[in-house]
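Working notes, beginning with the structure itself.
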Amino acid sequence: MEAMDQRVNPEITRLLNAKTERRQQLAALSYAEKVRIVVQLQSMAAPILRRRGKAAVVWNLENEVEG
């Protein structure tokens with residue numbers, strides 16, 4: 001059991017470090033880029049939600065204002 005713990009812990013540490021790094025990268029993005037990401041996620045989820053009979057709205061960014 002101890003040998004297994006030694007193999008798992010470095011992997012868990014690597015995953016947690018990668019998660020922290022990704023969160024820092026996302027936090028550093030501009031608000032405009034964060035909104036674009038949300039719209040992309042909405043576009044990906046909308047067909048699935050609609051197939052389930054749920055309302056899905058994807059924001060329209062055609063009139064986007066750069067800031």
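- L29 is connected to L41 through a chain of hydrophobic side-chain contacts under 4.5 Å among Ile, Leu, Val, Met, Phe, Trp and Tyr, so both are in one cluster.
- The CZ atom of R22 lies 6.0 Å from the CD atom of Q25; values are rounded to the nearest 0.5 Å.
- Put simply, the side chain of R50 gets close to the backbone of A56: a donor and an acceptor are under 3.5 Å apart.
- Taken to the nearest 0.5 Å, the CD atom of E33 stands 10.0 Å off from the CG atom of L26.
- Atom-to-atom distance recorded for N17:CG and I12:CD1 is 12.0 Å, nearest 0.5 angstrom.
- Clustering ILVMFWY residues whenever any of their side-chain heavy atoms sit less than 4.5 angstrom apart, transitively, puts L61 in the very cluster that holds V38.
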Would V39 and Q42 satisfy side-chain contact (heavy atoms from CB on, under 4.5 Å), going step by step from the backbone distance to the final call?
CA-CA 5 Å; V39 172; Q42 289 174 335; 4.0 Å; yes
